[in-house]
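A short write-up of the structure that comes next.
In what follows, every chain begins at residue 1, and chains take the letters A, B, ... in the order their sequences are listed. It should be emphasised that the depicted structure is a prediction, and the values quoted were computed from it without experimental measurement.
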Amino acid sequence: MALSKLLDSWPVLRQLREGDPLGLGKAVQSPRSQTLVPRIDEAEHVVHSICPYCAVGCGQLIYVSDGEITHIEGDPASPISRGRLCPKGQASKSFVQSPLREYKVKYRRPYGTQWEELSLDDAMDMIAERIIKTRADTWEWKTEDGNPANRTMAIGNLGGATLDNEENYLIKKLMTGLGIVQVENQARI
Amino acid sequence: MPSLGTSFGRGGATDFQQDLQNSDCIVIMGSNMAENHPVGFQWVMEARERGAKVIHVDPRFTRTSAMATKHVGIRAGSDIAFLGGVINYILQNNLHFAEYVEHYTNAPVIIDEEFADTEELDGLFSGWDPEQGEYDVQTWMYEGMEVHGAAGQREEGFDPTKGEQSGHGGGGSGLHHGEPPAEDPTLQHPRCVFQILKRHYQRYTPDFVAETCGCSVDDFVEVAEALVQNSGRDRTSAFCYAVGWTQHTVGVQMIRAAAIVQQLLGNMGRPGGGIVALRGHASIQGSTDIPTLYNILPGYLPMPHTEDYGGLDGYIAANTSPTGWWGHFDAYFVSLMKAYFGEHASADNDWLFESLPRIDDDNSAYFTVQQMLEGNVKGYIIAGENPAVGHANGKAHRLGLAKLDWLVVRDVVEIESAAFWYDSPEVESGELKPEEIATEIFFMPAAAHTEKDGSFTNTQRLLQWHWQAVDPKEDCRSELWFYFHLGRLIKQKLEESEDERDKLIKALRWEYPTHSAIREPDAESVLQEVSGWEIGSGKFLSGYKELKADGSTACGCWIYSGCFKEGINQTARKKPHWEQDTYVAPEWAWAWPDNRRLLYNRASADPDGNPWSERKRFVWWDAEQGEWTGLDQPDFDQQKPPDYVPPEDAEAEDAIAGDHPFIMQADGRSWLYVPQGLEDGPLPTHYEPHESPFDNPLYSQRANPRRQQNKDLAEDPYNPVANEPGSDVYPYVVTTYRLTEHHTAGGMTRSVPYLAELQPAMFCEVHPDLAREVGLEHGGWATIYTSRSAIEARVMVTDRVRPLRMKDGRTVHQVGLPYHWGKRGLITGDSANDLAHMALDPNVHIQEVKAFTCGIRPGRRPRGPELPKFVAELREQAHSRREQDPRVEPEELRKTSS
Amino acid sequence: MREKLHPLSDLNGKPPGTTSWSGSITEAGTDMRSYYGRPIVKEPTWTWEIPAYFFTGGLAGASSVLSSAARISGNETLARRALYIGAVADLVSPALLISDLGRPERFHHMLRVVKVTSPMNLGSWVLLVNGGATTTAAALQLLGKWKPLRIAASAVAALAGPPLATYTGVLVADTAIPVWHEGRQELPWIFGASAAASAGAMAAMFVPPRDAGPARRLAVAGVLAEGALMQAMELRLGKIGEVYHEGEAGKFSSAAKGLALAGAALLARRGRKSRTSAVLGGALVCAGEVCLRWSVYKAGFQSARDPKYVVESQRRRAERDGTKATTKPGDNPAPPSRGA
Amino acid sequence: MNLLQELLEPTGDPDGWDAYGDEQKERVGFFTDTSVCIGCKACEVACKEWNLIPEDGRVWTGESYDHTSQLGANTWRHVAFVEQRKPLIGDGNGDGSTGLRWLMESDVCKHCTHAACLDVCPTGSLFRTEFGTVVVQQDICNGCGYCVPACPFGVLDQRKIEATTDPPPAILGRKEDGRVWKCTLCYDRLKGGHEPACAKACPTKSIQFGPLEELRERADARLAKLEAEGWNGAQLYGRDPDDGVGGFGAFFLLLDEPEVYGLPPDPVVTTRDLPEMWTNMLAAAGTLLVGVAALTFLGRRG
């Protein structure tokens with residue numbers, strides 16, 4: 001029984017049966033080839049996104065299966081990019097899954113010679129403390145020539161061109177609230 | 001971009017990329033569009049296939065040049081000479097679009113009689129103050145336009161002088177109902193802008209261009225002709241530029257020069273026309289609209305400065321323009337304060353204005369670095385930027401970081417700015433030793449765009465929402481999460497504080513709903529605050545026209561107001577372009593302002609409101625309906641008829657006439673001549689780069705007198721220039737750039753295997769003649785050096801970087817350097833930016849990495865301690881010779897003489 | 001220069017270009033007649049097992065013929081020894097082939113199909129038949145049982161032998177490698193002759209001189225024939241054939257000639273009298289045949305490495321037959337309809 | 001007989017394609033128009049991202065901007081860069097007169113109408129799909145390597161690094177993948193009705209995917225346009241069904257001779273000469289048989 005099944009699937013016989021004597025086409029098609037399905041058709045869900053590199057603003061479709069990105073390609077619906085992507089945008093999946101990607105907080109103590117582990121919560125708390133202290137130590141109400149200042153010149157924040165508008169909004173809002181004026185980003189550069 | 005801001009009213013690209021397909025001629029200059037915006041470039045190719053001329057003017061023959069119908073090679077940094085030549089060609093031959101120029105630009109306006117041009121003052125405009133090294137702009141004004149504000153020019157026109165985007169054309173305070181006091185419609189008056197322009201550029205002849213830029217007269221004329229023939233009623237030309245213009249000590253004026261050309265040819269506000277600023281980062285436009293910049297608040301509202309405004313009213317008055325849309329400054333500002341501080345901001349406490357932090361003239365990134373080096377900066381947070389590689393003079397930045405008490409670096413990979421303390425050229429050379437660096441460093445892994453919701457604002461002012469696809473792993477978090485919870489923690493810790501200092505932070509509205517296990521803040525709730533609502537009713541605002549100055553509306557960024565109208569996230573609209581009626585596709589995402597895709601589109605119709613031609617119809621006046629209509633949201637009061645004349649007492653937008661399309665400008669016109677808003681002159685003038693092998697062929701004033709220099713900063717020495725003794729140590733022009741395969745400082749590409757293999761090593765591009773001259777071999781190694789540092793690179797000997805024959809018969813060689821490499825990543829290499837200096841453009845404080853000088857020799861660079869020695873020896877050699885016979889820059893001479 | 005240009009070129013297995021230039025890369029590109037001298041066709045991925053199999057396969061094929069012929073002619077000793085030699089060669093051959101596969105565990109996929117367009121596929125079937133038959137015959141010979149079956153098996157082997165000995169010529173000829181494909185007329189003959197020579201020589205070593213006459217004659221005849229055929233092929237190959245005088249192929253080719261001729265001479269002059277000379281001569285000839293296989297094998301690699309052989313041979317053919325792969329303005333291409 | 005006919009007089013129809021009967025789909029392919037290629041390499045990356053191809057080594061070659069060098073097991077789209085001191089258009093006076101041009105061409109498997117790799121594959125791993133394309137079946141290939149030298153374009157190669165998909169068993173198997181890989185024209189995507197990854201990504205549509213007939217017509221029109229505009233060296237490569245491989249399934253518009261891009265000027269499917277080779281072999285085999293016998297019997301008499 002099983003043997004006859006095996007025989008049936010033997011391409012040599014299929015060559016004769018399926019009108020492919022040379023065995024160049026259908027007769028030699030493998031099980032995998034017969035049942036092949038593109039993985040984007042098997043994705044659990046597709047997410048509309050925007051390329052993170054330059055400012056052309058190409059549309060991206062992100063395909064996800066069990067919590068992992070399985071593929072990223074262009075979004076044809078975008079009137080700007082029409083589904084096309086450059087090598088960088090096309091490599092977005094490899095970027096977010098880069099072998100060099102960091103997943104853990106790293107801490108370097110003063111004069112330290114290597115990175116140390118640190119929990120995210122501790123890091124957040126320590127950073128908050130540093131800001132509060134530095135700010136208290138260096139606060140200026142007035143400039144030398146007696147003009148209003150209401151600020152600290154000892155803290156700066158750099159970055160934003162690669163961030164979301166919402167993120168930039170919170171950064172500027174928080175820093176302004178803290179009296180930190182040295183807020184800058186790549187737009188300057 | 002104060003250049004576009006002062007000229008047209010808004011600091012953003014005036015057109016959208018898809019519209020380039022309608023251009024009859026596209027000039028790409030200061031940009032390598034095919035390589036750095038490949039997908040946007042498809043629209044240029046569409047135009048080329050439709051028969052448009054595509055012209056690339058660039059020092060190098062790039063992948064863009066390869067696609068262009070015409071490439072003209074010019075000397076890096078000579079762009080204003082070239083564009084000035086085009087302006088002169090148009091004016092001398094009377095080829096301007098007369099009707100457009102008369103009605104839509106300030107060509108007829110008569111300028112103060114005190115004004116003196118560079119042609120009269122040997123390279124300086126009137127009002128130069130040698131002591132301050134600044135201009136007093138009073139003499140640049142329109143005739144009869146009073147200038148107020150004790151602090152002078154700074155208070156005019158939206159703090160034009162303080163940062164890239166703040167230079168909105170709100171200037172012109174005191175214009176009488178939007179009309180300049182004196183003008184001459186015939187354009188004949190000797191002091192009218194048109195005639196001043198003519199005189200200013202009269203020496204920019206084709207021969208001058210050829211001699212200064214190193215191109216041929218024929219090539220120049222061909223370009224000028226192409227522009228002229230493809231402009232007018234029936235045809236339009238567009239300019240595309242990028243940081244190839246911005247990154248100069250005259251960067252803003254380069255863009256201004258293009259703005260003048262486009263005004264004279266009548267290409268603004270019309271389909272297939274305009275000036276397309278090509279931005280290099282996903283949300284670099286957004287990060288200036290909603291700024292992470294020191295000098296402005298969201299929507300280009302200037303940060304208050306360190307002087308006494310005499311209260312809120314003073315500040316409002318100083319920044320309000322009686323006419324044009326800047327007439328509602330108070331509404332924009334008060335709504336922002338309500339968004340920031342909620343009920344804590346009230347009319348009685350001046351909306352907390354007096355508590356706001358104040359800025360100095362320059363608190364920009366490069367200023368901060370100098371403060372670091374002097375030990376004045378204790379803490380620094382870096383989020384998604386890599387100064388150790390991406391900023392000019394990387395060494396200065398790395399040494400600065402080593403002087404901090406604490407540093408937070410947020411990125412997806414461990415970038416050079418996080419690793420400088422154990423892995424950097426300085427550690428290699430022994431200038432930095434880990435055990436001697438006191439800096440406490442927190443590296444915080446960031447979430448990628450796939451792991452968070454949010455909106456990017458692309459190069460055409462389009463806000464596009466991206467949805468989260470997967471959860472960030474382990475400690476990875478979004479910036480939204482980091483700053484929200486940081487703020488929450490700080491507010492928590494200061495809850496009890498009675499200190500006056502903490503009043504503002506305690507007053508900060510900081511409630512945002514969070515979701516998921518990690519308590520990620522809801523990005524849409526932030527966007528809602530940005531878009532704004534009516535306090536009390538909570539009704540979402542439909543646009544900035546609804547903003548009130550009485551505190552009844554809250555809005556985080558007035559120009560973004562309406563991006564959440566009707567409670568719908570307009571930026572998340574993804575209606576496919578094939579389901580939309582026009583190529584404008586207005587239902588894809590949302591553009592500021594008010595979802596207008598082509599700015600100033602009122603100008604696509606003639607003064608009477610009819611399309612200039614059938615071929616170029618876009619927005620026009622529908623007499624039956626009594627409203628403006630067309631393919632796009634009209635960038636004009638929809639019901640204001642073309643023949644509208646403002647009444648005597650008209651204010652704000654009502655003071656703009658029906659035939660004046662530039663509604664952000666106080667006079668409703670585009671500015672050929674910028675009376676206020678720019679630091680270094682009302683008109684672009686050719687100056688040599690800060691470091692250049694040449695003198696200025698026009699004036700004894702060699703470089704931009706107003707450029708920012710750090711003369712006393714040991715970490716930022718300059719090469720001897722022009723014919724100075726010692727300049728022969730650094731005889732070549734170097735220009736830096738990007739490659740398609742990589743992104744800026746490389747953190748997002750050198751970490752990606754598929755990209756690393758495509759451009760795996762740092763290299764320099766040199767011409768065979770230069771290779772022969774200094775003995776470089778293709779495929780071998782070269783060492784490139786400046787006063788700052790020396791780097792090594794593989795040698796690519798190619799004809800694509802051509803030597804240019806200059807006026808004095810000298811041949812100038814140019815060295816091309818991509819700047820993507822650093823010490824981290826799958827592929828590593830030396831950083832080109834280590835060679836660059838920190839002399840800046842005065843308007844926007846941007847470094848000049850597109851043109852400076854260097855030396856080059858075969859072989860690899862010295863290792864370890866030998867490297868700084870090598871650099872120092874050459875520097876001494878050059879500088880000692882200069883000291884024997886010091887050259888004094890003209891602006892210095894003037895100082896001593898006065 | 002090349003090393004400088006390709007510091008790591010071995011890392012990703014990409015052969016470096018062979019052109020070097022002193023001026024700019026632009027200058028190089030302007031009058032380039034290949035892509036930076038990089039190969040156009042790929043070298044085979046095969047390793048030493050393949051030429052070794054060319055030898056053993058040939059040996060097996062020719063031996064089974066020799067054996068049957070000897071039996072019919074009544075030379076039992078020769079018949080037996082040749083049969084055993086063939087059997088051994090037949091057992092070694094598949095081992096060599098399997099160990100050369102990138103996925104040895106999938107060797108049986110060779111029998112998944114019968115493809116007349118694939119010399120390697122048909123070859124596998126032939127090897128199966130010949131190997132099966134010869135080893136059966138040999139086994140029965142040892143056991144001295146079932147004579148009829150043994151005779152049948154030998155007969156099958158004898159018929160499958162010649163194809164086995166010659167198909168490898170087609171195998172290499174049926175590639176895009178110029179020196180192989182252009183040698184398609186001679187290669188099966190050369191491989192056949194070489195097979196004959198090696199079968200004869202091998203038998204001459206293991207059979208007492210008295211009975212080894214046919215083997216010696218076969219060896220000598222094979223060597224002479226193959227020598228002549230090689231000359232003919234090189235003559236017709238012209239420039240492409242120069243690889244047979246260069247590099248490793250050159251060394252092997254001259255070694256082949258020297259060894260084979262010396263061995264043949266020895267066998268012819270002293271093989272009948274002295275057993276030692278017979279063994280020595282046979283060994284020399286076998287060594288020569290091994291070298292011959294290797295020279296053909298190596299010639300293919302050298303021919304693939306330098307693009308000029310591909311370009312020049314194709315340009316010459318195009319010139320001759322007026323064929324082409326390009327459509328230039330003015331040409332009127334065949335209507336698309338024929339395409340698909 | 002079908003077989004003989006196929007061997008002796010190959011028609012313009014792809015070998016093995018007709019076997020599909022009703023399952024047969026319209027033949028599709030690529031038209032790669034180098035006159036609009038901006039050399040961005042999006043195709044290389046798109047291909048690798050979709051087909052999960054391992055990286056191909058980080059080699060700075062100095063060969064203009066090309067550092068992947070050639071097609072192989074780990075690069076299925078390869079962009080060639082050639083800088084030349086020649087004008088793009090005309091004699092260098094009119095438009096585009098830079099005197100310089102930078103040729104860029106995205107190379108790929110040609111999916112020949114008569115494919116040598118397909119013919120010589122001993123296992124049936126290589127096969128003609130219902131779309132008329134040529135694909136290596138990774139569950140079949142046993143790494144015999146025959147197709148590698150058989151391909152007149154040097155497209156296929158053996159993957160010599162560790163297996164990324166279904167690694168071989170320990171006993172007989174080796175650590176390395178050992179199989180042969182090449183462009184599948186995104187067979188799986190085609191089955192799902194999607195266009196191949198490279199064609200979808202291409203920013204300027206230098207890579208066009210579609211029914212081959214349509215592409216050929218488009219190409220003819222394009223060539224005519226370029227001729228009218230005076231482009232230098234414009235020519236179609238592999239468009240003509242009468243060429244040595246019966247026309248390419250993936251053909252090109254080039255701006256210089258094929259060999260400049262590393263392409264054979266007049267490729268021929270090696271199996272075209274197979275009938276001749278078989279007859280030849282049979283003759284040789286026969287001679288061997290007779291010869292051996294003769295020599296043996298000769299001896300008995302002597």
Checklist entry - Can we call the ring centroids of Phe248(D) and Tyr237(D) under 6.0 Å apart? => result yes
Next on the checklist: For Phe31(D) and Phe251(D), I'd like to know if the aromatic rings sit close, meaning centre-to-centre distance below 6.0 Å.
Outcome noted: yes
Given heavy-atom pairs under 4.5 angstrom as the criterion, report whether the side chain, backbone, both or neither of [X] touches chain D.
X         : value
Val54(B)  : neither
Gln759(B) : both
Leu758(B) : both
Arg800(B) : both
Glu765(B) : side chain

What part of [X] gets within 4.5 angstrom of chain B, counting heavy atoms only: side chain, backbone, both, or neither?
X         : answer
Cys37(D)  : backbone
Tyr65(D)  : both
Glu229(D) : neither
Lys205(D) : neither

Next on the checklist: If we define contacts as heavy-atom pairs under 4.5 Å, which of Thr62(B), Leu826(B), Val44(B) has the most with chain D?
Outcome noted: Leu826(B)
Item to check | Option that, when pairs with chain D are counted at under 4.5 Å, heavy atom only, ranks first among Met45(B), Met796(B), Gln42(B) | outcome: Met796(B)
Next on the checklist: Check whether Phe131(D) forms a cation-pi arrangement with Arg189(D) (NZ or CZ under 6.0 Å from the six-membered ring centre, at most 45° off the ring normal).
Outcome noted: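 The answer is no, since Arg189(D) fails at least one limit relative to Phe131(D).
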Checklist entry - Does Arg77(D) make a cation-pi contact with Phe30(D) (under 6.0 Å, within 45 degrees of the axis)? => result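 Geometry flag: set, cation within 6.0 Å and 45°.
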Next on the checklist: Run the salt bridge (Lys or Arg N to Asp or Glu O under 4.0 Å) test on Arg802(B) and Asp769(B) for me, step by step, so that the C-alpha distance in whole Å, both residues' side-chain angles and the decisive distance to 0.1 Å come before the verdict.
Outcome noted: CA-CA 9 Å; Arg802(B) 274 178 295 180; Asp769(B) 293 354; over 6 Å; no
Item to check | Validation row: Arg794(B), Trp781(B) side chains within 4.5 angstrom (heavy atoms) | outcome: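 In contact.
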Checklist entry - Within the side chain of Thr783(B), is there an N or O that forms a donor-acceptor pair under 3.5 Å with the backbone of Glu792(B)? => result no
Item to check | Ionic contact status for Asp799(B) with Arg85(D), cut-off 4.0 Å | outcome: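 Yes, charged N to carboxylate O under 4.0 Å.
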